[in-house]
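So the structure is just underneath, and the comments pick up after that.
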Amino acid sequence: MEFVIGIVCLVVGAAVAAVAMRSAKNGSLREADSKIESAHAEAERVIGEAKRTAETMKKEALLEAKEEIIQSKQAAEAEEKQRKRELRTLENRVMQREESLDRRNDALDKREHQLSSQAGQLEKRTRELDELVARQTSELERISELSRDDAHRELLDKVRGEVTHEAATIIRESEQQVRAECHKTAQEIISLAIQRCAADHTAEVTVTSVHIPSDDLKGRIIGREGRNIRTFEQVSGVNLVIDDTPETVVLSSFDPVRRETARVALENLIADGRIHPARIEEMYRKASDLVQQRVREAGEQAAFDTGIHDLHPELVKTLGALRYRTSFGQNVLQHSIEVSELCGIMASELGVDVRTAKRAGLLHDLGKAIDHEVEGPHAVIGADLARRYGEKPAIVHAIEAHHGDVDPNSVLAVLVQAGDAISASRPGARRESAENYIKRLEKLEEISNSHDGVERTYAMQAGREVHVMVQPDKISDAQATVLAHDIAQQIENEMEYPGQVRVVVIRESRAVDIAK
């Protein structure tokens, strides 16, 4: 308000000064005095009106402030009343809860007292029962003329016989139930996988012999005082065998890639005709570069064919080395590709991730590429290699478990086992030497004949089935089921064989009479 009055005074003073200056200019002093007086009067009037206006505004502001204070006070009182009601409600709930807890504590105390009294009665009753059982046991021993240990042994013998029969019955019923539920579905899935995965060839053998145009070249390959053959074996790490076989030399090495490199180098030397130590070293270097390129290309092509494009370069290289590795005459790289396709087909039927299944199938025999360098089963070697280069734990486990070195604990591992067995057991997929074949059949018959009650054993179907003839007076029908299971388990633990072996236990009893 004082600020407004000051502004008005300044305006009035300015007006008076302006009037005085105009009057001075006109030279009329008297008029100037009269105008000054009138200006003063006007200024006082304006100041009075400004003061009244300011007082009015001040009162209005005070009234508004009082109204706001009253409203705030009313709101605070209402909020306080609401809080008091909530507190009273909470207090009531707490009191009710305390009363409920008190009642529950009283009930628990009563229950504890009852249990204590019952425990005493139970302990007393237990002592009485123990004494009664002891008296009954003594009386039974006196009546039966058997001691407690003798009766226990007799009972165990009887129970053991009954349990054997029941175990055989349970095994037979379980097998029948599982076959009834799963055999048809498994056949459909496997049949579909085999039909959709038609292999281009059945078997392949790594060439370890090199044809030469004439036997005269054998002397040039050996060289003066054997320097050429020594240089070749030293550079390649492969044994070069030259015997009386016409127009043929043999390369011997456990490393398939090194053996292939030596074969290529020797063929190039024979074609070139210049065989001497310097030329041998040069040709071997060229052959090594060529074979390594073929190895990488083979690994990349296998990954491309199966649709797997993010393999580590070292895994691709190791995979390509399987091109020169065979197992029972079957090319391992083609076998791995086939297993990958089989796993993918079966995974799609079962709703499992197809890409993961194909990846595990492709890498399952990875260890065979380096099993001549590292000790241990090829499944474990391959699993360690895959783990080292960042493969997922599920794939590593499937690789490690595909030959039973560890128990499979996932559907993926079982799929790889099934795919490997299907690819290996196709007719013509694998073959073995006659000597190994005969030894395998003899081992099958030996294992079967080692069990009590076996009369004769016949290995059939190229060693994929064993017929065991048992003595009917020593082996019952229930024991025959158990015997078949035991023989199959022993074959799994002690032998290595492609595919699977079926064990058939045959028990026959005849009743013969003659009518006279």
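- Between the side chain of Ser288 and the backbone N or O of Tyr284, no donor-acceptor pair lies under 3.5 Å.
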#### Entry: Evaluation steps, salt bridge (charged side-chain N to carboxylate O under 4.0 Å, His left out), between Arg387 and Asp384
CA-CA 5 Å; Arg387 187 183 297 109; Asp384 292 339; 2.9 Å; yes
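- Between the side chain of Ser348 and the backbone N or O of Ile345 there is at least one donor-acceptor pair closer than 3.5 Å.
- By the 4.5 Å heavy-atom criterion applied to side chains, Val249 and Leu266 are counted as neighbours.
- Within 6.0 Å of the CD atom in Glu494, the count of heavy atoms belonging to other residues, nucleotides or ligands exceeds 12.
- Electrostatic pairing of Glu225 and Arg230 does not count as a salt bridge here, judged by no charged N lying under 4.0 Å from a carboxylate O.
- Between His402 and His378, a ring centre-to-centre spacing shorter than 6.0 Å is recorded.
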### Task
Evaluate side chain to side chain donor-acceptor pair (under 3.5 Å) for Glu297 paired with Gln293, printing each intermediate quantity in order.
CA-CA 6 Å; Glu297 291 175 353; Gln293 181 180 354; 3.1 Å; yes
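- The line from OG1 of Thr457 to CD1 of Ile447 is 10.5 Å long, rounded to the nearest 0.5 Å.
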### Query
Which is it for Met346 and Glu349 under the side chain to side chain contact (heavy atoms under 4.5 Å, CB included) test, yes or no, and what are the steps along the way?
CA-CA 5 Å; Met346 290 188 289; Glu349 294 296 322; 5.7 Å; no
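- In this structure, the separation between CG on Leu363 and CG on Leu319 is 6.5 Å, given to the nearest 0.5 Å.
- Across Gly419 and Val339, no two heavy atoms sit closer than the pair O-CG2, 3.7 Å.
- Nearest heavy-atom pair across Ile399 and Ala383 is CG2-N, 3.6 Å.
- Expressed to the nearest 0.5 Å, how far CD of Glu446 lies from CG of Leu441 amounts to 12.5 Å.
- A salt bridge links Arg127 and Glu123; the closest N-O separation between the charged side-chain nitrogens and carboxylate oxygens is under 4.0 Å.
- Here the straight-line distance linking atom CG of Asp305 with atom CD of Glu300 works out to 11.5 Å at 0.5 Å rounding.
- Salt bridge absent: Glu282 and Arg285 never bring a charged side-chain N and a carboxylate O closer than 4.0 Å.
- In this structure a side-chain-to-backbone donor-acceptor pair under 3.5 Å is missing from His485 to Val482.
- Counting only distance, with no hydrogens or angles, the side chain of His451 and the backbone of Leu483 share no donor-acceptor pair below 3.5 Å.
- Note that CG of Asn493 is 8.0 Å distant from CD of Gln490, once rounded to the nearest 0.5 Å.
- Put simply, the side chain of Lys358 gets close to the backbone of Thr306: a donor and an acceptor are under 3.5 Å apart.
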### Task
Please lay out, stage by stage, how Val257 and Val291 fare under the test side chain to side chain contact (heavy atoms under 4.5 Å, CB included).
CA-CA 8 Å; Val257 177; Val291 171; 3.9 Å; yes
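- Put simply, the side chain of Ile487 does not reach to within 4.5 Å of the side chain of Val466, judged on heavy atoms.
- Formation of a donor-acceptor pair under 3.5 Å by the Arg325 side chain with backbone atoms of Lys368 is found in this model.
- Contact of the Ile475 side chain with the Gln471 side chain is not registered, since no non-hydrogen atoms from C-beta on lie closer than 4.5 Å.
- In this structure, NE2 in His335 is found 9.5 Å from CG in Leu342, a value given to the nearest 0.5 Å.
- Inter-residue side-chain proximity for His364 and Ser336 is flagged as met; some heavy-atom pair is nearer than 4.5 Å.
- Atom CG of Asp473 sits in a crowded spot, with more than 12 heavy atoms from other residues, nucleotides or ligands closer than 6.0 Å.
- Within 6.0 Å of the CD atom in Gln118, the count of heavy atoms belonging to other residues, nucleotides or ligands exceeds 12.
- A salt bridge links Arg263 with Glu267: the closest approach of a Lys/Arg side-chain nitrogen to an acidic carboxylate oxygen falls below 4.0 angstrom.
- Counted within 6.0 Å of CZ on Arg227, heavy atoms from surrounding residues, nucleotides or ligands total more than 12; the atom is thus considered enclosed.
- No donor-acceptor distance shorter than 3.5 angstrom exists from the side chain of Asn239 to the backbone of Glu233, with no hydrogens or angles considered.
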### Task
Could you check Val295 against Lys317 for side chain to side chain contact (heavy atoms under 4.5 Å, CB included), going step by step and ending with a plain yes or no?
CA-CA 6 Å; Val295 166; Lys317 181 179 177 182; 4.3 Å; yes
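- Looking at Glu128 and Arg125, a side-chain N of the basic residue comes within less than 4.0 Å of a carboxylate O on the acidic one, giving a salt bridge.
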### Message
salt bridge (charged side-chain N to carboxylate O under 4.0 Å, His left out) for Glu391 and Arg359? Distances and angles first, verdict last.
### Response
CA-CA 10 Å; Glu391 290 297 321; Arg359 191 184 191 99; 2.7 Å; yes
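- In summary, Arg355 and Asp353 do not engage in a salt bridge, as defined by a charged side-chain N under 4.0 Å from a carboxylate O.
- Between Arg507 and Asp477 there is a salt bridge, since at least one side-chain N of the basic residue sits less than 4.0 Å from a carboxylate O of the acidic one.
- With hydrogens and angles disregarded, no donor-acceptor distance shorter than 3.5 Å links the side chain of Glu465 to the backbone of Ala459.
- With Ser340 contributing its side chain and Glu338 its backbone, the two residues share no donor-acceptor pair below 3.5 Å.
- Between Arg258 and Gly237 the shortest heavy-atom distance is CD-O, 3.7 Å.
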### Task
Starting from the C-alpha separation in whole Å, work towards a yes-or-no answer on side chain to side chain contact (heavy atoms under 4.5 Å, CB included) for Lys286 and Asn268.
CA-CA 10 Å; Lys286 292 181 179 180; Asn268 291 338; 5.9 Å; no
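- When all heavy atoms of Pro408 and Val414 are compared, the closest pair comes out as CB-CG2, 4.2 Å.
- When all heavy atoms of Val503 and Ala484 are compared, the pair lying nearest together is CG1-O, 4.1 Å.
- With hydrogens and angles disregarded, a donor-acceptor distance shorter than 3.5 Å links the side chain of His397 to the backbone of Asn409.
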